[in-house]
Amino acid sequence: MGQQVNVGVVGCGAISAQYFQTIDRLPQLRLVAVADLDLDRAREAVRPYAGVDVVSVAELLADPRVDVVLNLTVPAAHAEIALQAIAAGKDVYCEKPLAATVTDAGQMLRAADAAGVRVGCAPDTVLGTGTQTARKAIDDGLIGRPIAATATMMTPGHERWHPNPDFYYVPGGGPLLDMGPYYITSLVTLLGPVSTVIGAASRTRAKRTIGSGPRRGEEIPVTVDTHVTGVLVHASGALTTLVMSFDGAATKAPNIEVHGEKGSLVVPDPNRFDGSVLVSGVGEEGWRPLPEAAGYAGAGRGVGLADFASTPEGEEPRAGGSLAFHVLDVMESLLASAHSGAAVTITSTCARPRSVALIPSEGA
């Protein structure tokens with residue numbers, strides 16, 4: 001992917017370990033500094049990696065070695081940290097969602113444009129062999145013109161396993177803002193941008209009980225909708241039925257199905273990079289797997305950062321800011337529709353991200 005890029009990370013929470021592992025194995029990325037409100041946590045997070053400085057946020061942003069800031073803070077802090085990095089002249093790559101609100105995200109993108117720096121955003125799972133193999137099957141016409149899709153995420157809630165789940169139940173969280181980016185980014189990758197949404201939502205209970213860690217048994221307030229459903233009308237004419245819930249025990253529904261005039265695809269979990277793509281054509285019985293045919297093989301969280309950093313100037317990164325903004329706009333509009341009872345027109349759009357050819361794990 002080209003010249004080595006120096007990375008500074010803000011936020012050393014649970015997800016950071018996966019990023020550090022990927023950065024460590026990709027020769028085009030080099031971790032040079034990390035910052036966190038808890039410096040002891042930051043030191044422990046980078047203990048396996050030699051030569052990484054543990055500093056304050058201000059020191060990291062002022063470090064001339066840092067080419068790109070990887071923003072792994074909680075969603076409510078994404079915009080604040082990103083704007084500081086942009087003001088320091090750094091490229092920024094955020095963990096999803098891009099920001100807690102469309103207003104904040106728009107401010108980030110305008111500031112980056114004015115400063116001449118770039119903004120990228122997770123999820124990068126869509127760059128793996130799972131979603132990309134499904135994308136290739138669609139592009140090759142295997143199922144004909146896509147007409148519909150379903151996307152389902154059903155879980156009792158993250159408080160069962162996360163020791164500090166508070167941010168999942170405040171604005172910027174909830175099942176839609178937490179898991180929706182994986183699903184909607186995949187759907188845009190497969191079917192193109194969304195033009196209209198129609199939504200409905202509910203909130204099962206006002207409090208949740210932490211199930212693990214030192215705070216086990218503590219109750220936390222719920223201030224967001226915990227079951228969100230609706231229809232996404234893609235600009236292509238395809239219709240997606242979406243269900244995102246922290247209120248269900250389990251489901252047997254595929255994570256994503258895409259239905260075309262000639263057949264249907266089962267798309268793997270968009271929260272993973274790999275998985276089997278299944279196809280069933282009109283008149284066929286059962287499902288048959290497709291071989292891996294596209295995407296970064298053996299990828300992990302952070303491959304999108306490498307892809308972002310290597311994208312030539314003037315070309316929109318696959319995990320770029322315009323895609324992340326559109327996905328956030330779709331989610332925020334779906335919640336607005338749920339509360340108003342009326343369809344909402346999506347004012348933003350984005351190009352369908354460029355596909356990824358099959359790239360062996362050595363080149364990921």
Side-chain angles (χ1 to χ4, degrees), residues 15 74-76 78-79 94-105 121-123 125-126 149-160 162 165-191 193-206 208 220-234 239-249 251 253-256 267 269-271 323-348 350:
I15 196 67
V74 297
H78 282 185
C94 287
E95 179 52 36
K96 55 77 188 170
L98 183 58
T101 68
V102 165
T103 298
D104 288 346
C121 188
T125 45
V126 297
T150 60
T152 304
M153 191 286 301
M154 191 78 65
T155 175
H158 296 340
E159 73 279 2
R160 294 171 303 115
H162 199 294
D166 309 68
F167 67 94
Y168 289 118
Y169 297 101
V170 298
L176 184 61
L177 271 293
D178 176 49
M179 298 300 294
Y182 297 107
Y183 287 79
I184 297 173
T185 302
S186 289
L187 291 163
V188 172
T189 297
L190 297 169
L191 302 174
V194 177
S195 57
T196 308
V197 297
I198 305 165
S202 63
R203 192 176 309 175
T204 301
R205 51 193 185 274
R208 297 270 174 149
I220 57 174
V222 175
T223 60
V224 293
D225 293 321
T226 50
H227 183 96
V228 182
T229 186
V231 174
L232 315 181
V233 181
H234 295 264
L239 304 177
T240 291
T241 302
L242 181 78
V243 178
M244 299 281 112
S245 183
F246 283 167
D247 291 333
T251 179
N255 298 100
I256 296 176
V267 184
D269 185 351
N271 193 21
L323 170 61
F325 181 88
H326 180 64
V327 169
L328 180 60
D329 192 11
V330 169
M331 294 189 296
E332 192 171 285
S333 297
L334 188 63
L335 291 173
S337 174
H339 296 155
S340 71
V344 174
T345 298
I346 306 300
T347 57
S348 68
C350 66

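Not counting sequence neighbours, Arg160 has no partner by the salt bridge (Lys or Arg N to Asp or Glu O under 4.0 Å) test. The salt bridge (Lys or Arg N to Asp or Glu O under 4.0 Å) check on Asp104 picks up nothing, with sequence neighbours excluded.
Using modelled atom types, no side-chain atom of Thr229 and backbone atom of Val243 make a donor-acceptor pair closer than 3.5 Å. At least one donor-acceptor pair closer than 3.5 Å links the side chain of Glu332 to the backbone N or O of Val102. At distances below 3.5 Å, at least one donor-acceptor pair connects side-chain atoms of Ser333 with backbone N or O atoms of Asp329.
Nearest heavy atoms, Cys121 versus Glu95: SG-O, 4.0 Å.
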message: Would Thr223 and Tyr169 count as a side-chain contact (heavy atoms from CB on, under 4.5 Å) here? Give the steps.
response: CA-CA 6 Å; Thr223 60; Tyr169 297 101; 5.7 Å; no
- prompt: Given the rule in the side-chain contact (heavy atoms from CB on, under 4.5 Å) test, do Leu323 and Val188 qualify, once you have shown the distances and angles that lead to the verdict?
  reply: CA-CA 8 Å; Leu323 170 61; Val188 172; 3.7 Å; yes
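Here the CD1-OH distance, from Ile220 to Tyr168, works out to 10.5 Å after rounding to the nearest 0.5 Å.
Side chain to side chain, Ser202 and His227 fail the donor-acceptor criterion of an N or O pair below 3.5 Å.
Here the rule is side-chain contact (heavy atoms from CB on, under 4.5 Å) with Thr152, and of Thr251, Leu242, Thr241 only Thr251 fits it.
If you look at His162 and Phe167, their ring centroids are closer than 6.0 Å.
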